[in-house]
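What follows is a set of notes on a single structure, which appears directly below.
Numbered from 1 within each chain, the chains take letters A, B, ... in sequence-line order.
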Amino acid sequence: MCCRLLLLLLLLSGITSCSGDSELTVLLQLKSSMIGTAGGGSNGLSDWKDSSSSHCSLSGVTCDEDGEVVSLDVSYQNLTGSLPPEIGILSSLVNLAVAGNGLTGTVPLDMANLTSLKLLNLSNNGFSGEFPGEIVRSMTQLEVLDVYNNNLTGQLPDGIAINLVNLKHLHLGGNYFSGEIPESYSEFPKLEYLALSGNSLSGQVPASLARLEKLRELYLGYFNTFSGGIPPEFGLLTELQVLDMASCNLTGELPASLGRLSNLCGCFLQMNHLTGNIPTEFSMLSDLSMLDLSLNNLTGGIPESFSQLKNMTLLNLFVNSLGGRIPKSMGDMPNLRLFQIWQNNFTSELPENLGRNGKLEVVDVSFNRLTGTVPENLCQGMKLKSLVLMNNLFSGPIPEQLGGCESLRRIRIQSNFLNGTIPAGIFNLPELTLVDMTQNEFSGELPKEMSGKKLGMLALSGNSITGRIPAATGNLQNLQILSLDRNRFNNQLPEEIFNLRSLSKINISGNNIDGGIPPEISNCTSLISLDFSRNNLSGEIPRGMDQLKDLNHLDLSENQLTGGVPSEMQYMSSLTSLNLSGNKLSGRVPNSGQLLMFDESSYAGNPDLCFSYNGTCSSQKAKANAIENTGHKTTTCFSTLKLVIIVLSLCYQLVQCW
Amino acid sequence: MAATAASALSLWSLFFAALALPAAFGNSEGDALYTLRRSLSDPDNVLQSWDPTLVNPCTWFHITCNQDNRVTRVDLGNSNLSGHLVPELGKLEHLQYLELYKNNLHGTIPAELGNLKNLISLDLYNNNITGTIPSSLGKLKSLVFLRINDNQLTGPIPRELGGVSSLKVVFEHNPRLEGPELLGLASYDTNCS
């Protein structure tokens, strides 16, 4: 009874005076609100019970010598209720963390009572409504305020910098705050971390933020849509280590003054509308490790002095209008790991030493106008995962070293002028999944040994490769796409290819392949697309093609195939595109099932083929080539009047034919 | 505690940033397909190559693009997939072949598939698809193959499908589908031999 009255007093005056029991009551009230009505399955705070001996022994609760609750950490406890006003009763709290639950509702104004708070973490919940400044204005000890990733709306809390003289870490990102960044945010004397990213903020980025002398990390990007650009004053933030203003609608140029940020480690300005050149002053950023200026409208070149950036690990300049030559000295950058400058106008050669630092992992210089040869030591450190040189003017051979580059996963070098023989080792690389060397000038033969277990796509179309297609292609167990078209392959097709369980697309058109189509082809049941056109294939179309249930596209045109069109092809229910033209096929084209879909164009240029529907089969020349059906499951017929009529009329026509 | 929280939080921000990158760069076709991936269960790892951080989905296996890097084919027949289709598939404006047959898909056919104005073949046969056939499929003037047999579809075949002149519909073994022989609006598979 005494405690209940005192509790009432507590609510009014916010002073704790009762002994431990009342705090237990308050905590249990908190638990009940935080667990909420959906708390059914939740066993968060399961040890918080009426029968608990002392409130100080509850999990997440820490008391001081006087038994006052000074720390409450109930983060990640699966609490899906709300934070009640009673939280304001625990006015001795120094740390309050409820992060990573599913708490909803508004942030209670009674929290203003918590004037001793140093750390307030409400992040990763579903708090909604506004976050007015008065909640925190009295928390003069506050060092960390984190409301990241909630559903808060309205303006950013204002008028708080004057009071929060100890605030080091302010994270308001990942909400739906709108309006402008308050000028007063420049007045936090001790702020080291400021994140306003992932909101709906607008207006100009205040230059006055440059007054935050101790600022180490600044995140303003992602979904915000500012007007104007990067304030040049930001060059005064000499403690800054991370500057992230990506994807927030920035215009204007890169301020040269940013070159003064000698502690800058990460600079993320991608996905904006920045124009102008990369300032040479950026070469002075001696600590710079990651620079992302991609997806902007930058012009000019990479400053020669960029090679001074000894700590550079990531350089993203892709999708801009940059040009000129890549400074040769960049090949000597000791720490470069990711080099992505694709879709620009760069010319001349790649630095000869690129990769000699032994750390290179990703190179993407595609869609430029680069010339010269592929640097020899790209894979020096056996770390190269992705080599993308496509759509340039590279010439010369693929360096032999790449044949031993066991870390390689992707090689995309199509549309260049590369020549020579493809290094044999490439077909054995253990991690390689994709090889595209289409449209180059490669010659020589493919190796007799291939063991690339992870190779999914091998595309060598449009080169001058000769010799036989190796039987070893059948060892590439995971191969899905095999494109060898438009080369000079000769000799016969190895039947081993058709053992590939995963092969879905094979194109060997436009070569000099002779011999027959191996009957093993019908084992290759994953096939969706098959193009053998424009070769010298002879013999008959193999039986059993109907086992290729998924085959969509079949092109055997422009060969020397003889025999008939197997009647079981009518059961190839996935076939949507068929080209048998330009062969020496003969006999009657079956006129039922799936083959009803195709007209004469699929069979043109086979003078001895005849068709039932136009009477060409009645001529003496037509060989009686009605190939027998093998057993197939019949599909159900519909027992409607209409169907009967159609069947009868078909039968009538057949009778007429004979 | 505050210091480690701070560094963890900055890692969170970078992570959030990395996640936001592909969406904001806006390859909407890759995003749409990745939404499909997230709604599917893929025990055979058929979708392993579907990496949303790549610039476009054109090097993903089972995806074919045209010369402008727009998706023209999705070939996922017989791939042991379960889960359901997503309306985002309707964003693949250049899609010609949508092959999802012989899986374990459930849920309904999204009406948004009616936006696929270049679609030639829609193969959903041998799944567990329920609901009705959206009338929006009548907008698909290029559609030649609509194979939806062996599902659990209900309701009538929409008469709008009659307006697609080259259409061949295969719909058997949908026990609750009404009136398939709807006044000759759809020609059907006379595979009696």
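What you find for A:Thr433 and B:Phe61 is that their closest heavy atoms are O-CZ, 3.6 Å. The two atoms that bring A:Leu575 and B:Phe145 nearest to each other are O-CZ, 4.2 Å, heavy atoms only.
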Does the side chain to side chain contact (heavy atoms under 4.5 Å, CB included) test come out yes or no for B:Asn78 and A:Lys549, once each step is laid out?
-> CA-CA 10 Å; B:Asn78 218 350; A:Lys549 299 256 174 265; over 6 Å; no
Between B:Asp75 and A:Lys505, is a side chain to side chain contact (heavy atoms under 4.5 Å, CB included) present by the stated rule, with each step listed?
-> CA-CA 11 Å; B:Asp75 283 296; A:Lys505 190 169 165 189; over 6 Å; no
Applying side chain to side chain contact (heavy atoms under 4.5 Å, CB included), run through B:Glu99 and A:Ile528 and close with a yes or a no.
-> CA-CA 10 Å; B:Glu99 309 297 314; A:Ile528 291 176; over 6 Å; no
Hey, mind stepping through B:Val55 and A:Phe318 against side chain to side chain contact (heavy atoms under 4.5 Å, CB included) and telling me if it holds?
-> CA-CA 11 Å; B:Val55 159; A:Phe318 53 87; 5.8 Å; no
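Proximity to chain B (any heavy atom under 4.5 Å) is shown, for A:Ser502, by neither the backbone nor the side chain. Contact annotation for B:Asn149: neither backbone nor side-chain heavy atoms come within less than 4.5 Å of a heavy atom of chain A. If you measure heavy-atom distances from A:Asp436 to chain B, you find no contacts under 4.5 Å at all. In this structure, chain B has heavy atoms under 4.5 Å from both the backbone and the side chain of A:Thr576.
Interface check for chain B: of the options A:Ser574, A:Gly173, A:Ser526, the most heavy-atom pairs under 4.5 Å are formed by A:Ser574. The greatest number of non-hydrogen atom pairs below 4.5 Å with chain B, out of A:Glu192, A:Lys168, A:Gln480, is found for A:Gln480.
A donor-acceptor pair under 3.5 Å is absent between the side-chain atoms of A:Arg412 and the main chain of B:Thr59, judged by distance alone.
Interface residues of residues 133-141 of chain B toward chain A, defined by a heavy-atom distance below 4.5 Å: none.
Distance check, rounded to the nearest 0.5 Å: OG of B:Ser49 to NZ of A:Lys454 gives 13.0 Å. Considering CH2 of B:Trp60 and CE of A:Met457, their distance stands at 15.5 Å, rounded to 0.5 Å.
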